[in-house]
Amino acid sequence: MSGFQAPRGMRDLFGADAAAVTAVERAAYAAAEAAGYQRIISPIAEESALFERGIGGATDVVAKELYRLAPHAEDSTPLALRPEATAGILRAYIQHGMRSAPQPVRLVTVAPFFRHDRPQKGRYRQFTQFNVEAIGDAGPGIDIEVIELGASFLKQLGLTDVEVHFNSVGCSGCRPAYAAALRAHFAPIEGELGEVDRTRLRDNPLRLLDSKDAAAVRRAESAPALPGHLCDACAAHADVVRAGLDVAGVKVIDAPRLVRGLDYYSRTAWEYLLPGVEGQQGALGGGGRYDGLAALIGGTATPAIGFAIGVDRVVHALHDRKIETGAVAQPLTVICGIGEGSIGERIRLASLLRATGSAARADVTPRKIGKQLEGASRDGAVAVIIVEPDGRYSLRAMIDGKQEEPTDEASVLRAVAALVKRT
RNA sequence: GUGGCCAUCGUUCAAUGGUUAGGACCGCGGUUUGUGGAGCCGCAGAUGAGGGUUCAAUUCCCUCUGGCCACCCCA
């Protein structure tokens, strides 16, 4: 037995698992591209500094979960595996001058990301995300579009009970005042808070609303609500988004305590959740507006919004609910033969059939005809072509075992087509 | 990163401080020699790795690796 195994938190997907991931990935691209989003394929590594500045050096994602690459001697720029999509995509937007394209620029990618976290079901060190980003539009309309896109994608997959939790986290103008209010609210119980929460009180009081600590949770109940502290512009923006989503048919649950994990979000923030699912797996995805990010990473200020949906979690959810994702297999023809001398001919025929657009495979294993038929049967073949020792063909319909003997190649192809059509 | 539970053929389950660690499924082959699905027969295949305790360990202990759960965080 080999001593090697896949690295912790990274998986080999094959068979039904690979098919499910592929199906979700296809559905994601189909949904986004139908809505006018263009694919972007960006590097899986970026300069570490991009993440440090963009995502925030104090966030867990950067501070302890970043995969930093050991640099080659001749390279001076430290690189890291991407822990999320947005920073890299926005970097691409800036680098390639996409602001001179019609705005907003709509982009989509389904790709792997990396975080060095303790793995669990639905949480892996290499995970796949469906990312949608709309860059260059400050208005509330694009918020509605993007939120609706993710919600209807999940519904179309069969996750009809997905909930959209919605909040506004304010902007650089109004958030400081709210943070101060929160700080004042929690300050009296500082002594009862855990170490983590005390740090939060100091650095990022918004995250206190997310705490699991009993004292903090109790205090959070009576905490001042974020909506009441939004500036007029932020409040108006949120109202338009909420109203628009309602008209668009997306039911939204107001979540005044919803805050996102990364620093760059402003105003609109939301999550896609499955009710009643244990632990993290119910958190299918989330998104937000990140109007300040472009300036943070050295571009001109550019408003933008996007979401990330965890493909692995979607796959788990579909599996738990026994929702089928597999693509229907094309009717298969297997080309067998008697005598190994015909193997080249079998492959030639298989290739010919594929060129006509039907699925075909030659049996190339040295084994007798009975075993070849057994294999074809198990693969679910509808037709088997047998190359006889004298070079003639037999065509066997696997459903009833009836054989015919087409005289030439053209009639073989015709007969196969007829069989395939019948299924 | 912290804490807990776990680890036997590819899969799923047995068993034991002491002969060749057993079954089922899957795979491969055979069933009188050129025709699939059933049945029957056979073959292959495992104690995750490394230390220790012991006359003897798959079984007890430790470390590592990996999985799962909770926390942290997040997709």
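In this text, all values refer to a predicted model and were calculated from it rather than measured experimentally. Each chain gets a letter, A, B and so on, in the order the sequences are listed, and its residues count up from 1.
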>> With rounding to the closest Å, how many angstrom separate the C1' atoms on B:G45 and B:G23?
In response: 14 Å

> Is A:Arg289 close enough and on-axis enough to A:Tyr265, meaning under 6.0 Å and within 45°, for cation-pi?
Replying inline: no

> Can you check the A:Gln5 CD to B:A7 C1' distance for me, whole Å?
Replying inline: 11 Å

>> I need the full list of salt bridge (charged side-chain N to carboxylate O under 4.0 Å, His left out) pairs touching residues 408-423 of chain A, with sequence neighbours left out, sorted by first then second residue.
In response: A:Arg348-A:Glu409

>> Can you classify the ring geometry of A:Phe114 versus A:Tyr67 as parallel (below 30°), tilted (30 to 60°) or perpendicular (above 60°)?
In response: perpendicular

>> What's the gap between B:U63 and B:A7 when it is taken at their C1' atoms, as a whole Å value?
In response: 16 Å

>> Please classify the nucleic acid contact of A:Tyr124 as base, sugar-phosphate, or nothing, using heavy-atom distances under 4.0 Å.
In response: base

>> Suppose you measure atom C1' in B:C26 against the same atom in B:C64; what distance do you get, rounded to whole Å?
In response: 32 Å

> Roughly, in whole Å, what's the span from CE in A:Met10 to P in B:U65?
Replying inline: 15 Å

> If you look only at pairs with a residue in residues 29-57 of chain A, which of them pass as a ring pair (Phe, Tyr, Trp, His ring centres under 6.0 Å), with sequence neighbours excluded?
Replying inline: none

>> Tell me which pairs pass ring pair (Phe, Tyr, Trp, His ring centres under 6.0 Å) where either residue lies in residues 395-422 of chain A, with sequence neighbours left out.
In response: none

> Between A:His116 (NE2) and B:A75 (P), how many Å, whole number?
Replying inline: 18 Å

Using a cut-off of under 3.5 Å, enumerate the N/O to N/O pairs linking the protein to nucleotides 31-36 of chain B.
unit_1 : atom_1 : unit_2   : atom_2 : d
B:G34  : N1     : A:Glu388 : OE1    : 2.9
B:G34  : N2     : A:Glu388 : OE1    : 2.3
B:G34  : N2     : A:Glu388 : OE2    : 3.2
B:U35  : O2     : A:Arg396 : NH1    : 3.0
B:U35  : O2     : A:Gln403 : OE1    : 2.9
B:U35  : N3     : A:Gln403 : OE1    : 3.2
B:U35  : O4     : A:Glu388 : OE2    : 3.4
B:G36  : N7     : A:Arg396 : NH2    : 2.8
B:G36  : O6     : A:Met398 : O      : 3.1
B:G36  : O6     : A:Gly401 : N      : 3.1
B:G36  : N1     : A:Met398 : O      : 2.4
B:G36  : N2     : A:Ser377 : OG     : 3.1
B:G36  : N2     : A:Met398 : O      : 3.4
B:G36  : N3     : A:Ser377 : OG     : 3.3

> Under the criteria of a ring-centre distance below 5.5 Å and an interplanar angle below 30°, is A:Phe113 stacked with the base of B:A75?
Replying inline: no

>> Can you check the distance between B:A70 and B:A14, where both ends of the measurement are the C1' atom (answer in whole Å)?
In response: 31 Å

> In whole angstroms, how far is the P atom of B:A75 from the CZ atom of A:Arg82?
Replying inline: 15 Å

>> Once rounded to the nearest 0.5 Å, what's the spacing between atom OG of A:Ser42 and atom CD of A:Gln95?
In response: 10.5 Å

>> Using the C1' atom as the point on both nucleotides, what is the distance between B:U19 and B:A56, in whole Å?
In response: 13 Å

> Please give, in whole Å, the distance from B:C68 C1' to A:Arg125 CZ?
Replying inline: 14 Å

> Does one side chain, of A:Ser394 or A:Glu388, offer a donor that lies under 3.5 Å from an acceptor on the other?
Replying inline: yes

>> Measuring only the P atom in each nucleotide, how far is B:U58 from B:G51? A whole number of Å is fine.
In response: 12 Å

> How close or far is atom P of B:G66 from atom CG of A:Asp12, stated in whole angstroms?
Replying inline: 14 Å

>> Starting the side chain at C-beta, find the nucleotide from B:C71, B:G1, B:G67 nearest to A:Arg8.
In response: B:G67

>> Please give the distance between the C1' atoms of B:C6 and B:C13 as a whole number of Å.
In response: 16 Å

>> Rounding to an integer number of angstrom, what distance separates B:U35 and B:U11 when you compare their P atoms?
In response: 36 Å

> What distance separates A:His165 NE2 from A:Ile253 CD1, expressed to the nearest 0.5 Å?
Replying inline: 4.0 Å

> What pattern of brackets, bars and dots sums up RNA chain B from 5' to 3', given Watson-Crick or G-U wobble pairs under 3.5 Å, [ ] for crossing pairs and | for another strand?
Replying inline: (((((((..((((....[...)))).(((((.......)))))....(((((..]....))))))))))))....

> Considering the options A:Arg123, A:Lys121, A:Gln126, A:Arg11, which one meets the side-chain hydrogen bond (donor to acceptor under 3.5 Å, both in side chains) requirement together with A:Asp312?
Replying inline: A:Arg11

>> Any donor-acceptor pair under 3.5 Å linking the side-chain atoms of A:Asn131 with those of A:Thr109?
In response: no

>> Tell me every residue that passes side-chain hydrogen bond (donor to acceptor under 3.5 Å, both in side chains) with A:His229, counting only those two or more places apart in sequence or in another chain.
In response: none

> Of all the nucleotides listed (B:C69, B:C72, B:U2), which has the minimum atom distance to the side chain of A:Arg118?
Replying inline: B:U2

> Would you say a side-chain N or O of A:Arg123 is under 4.0 Å from OP1 or OP2 of B:C69?
Replying inline: no

>> Can you measure A:Asp117 atom CG to B:U2 atom P for me and round it to whole angstrom units?
In response: 12 Å

> For the pair made of CG in A:Leu66 and C1' in B:G1, what is the distance, rounded to whole Å?
Replying inline: 15 Å

>> Between A:Pro119 and A:Thr365, which residue's closest nucleotide on RNA chain B lies nearer the 5′ terminus?
In response: A:Thr365

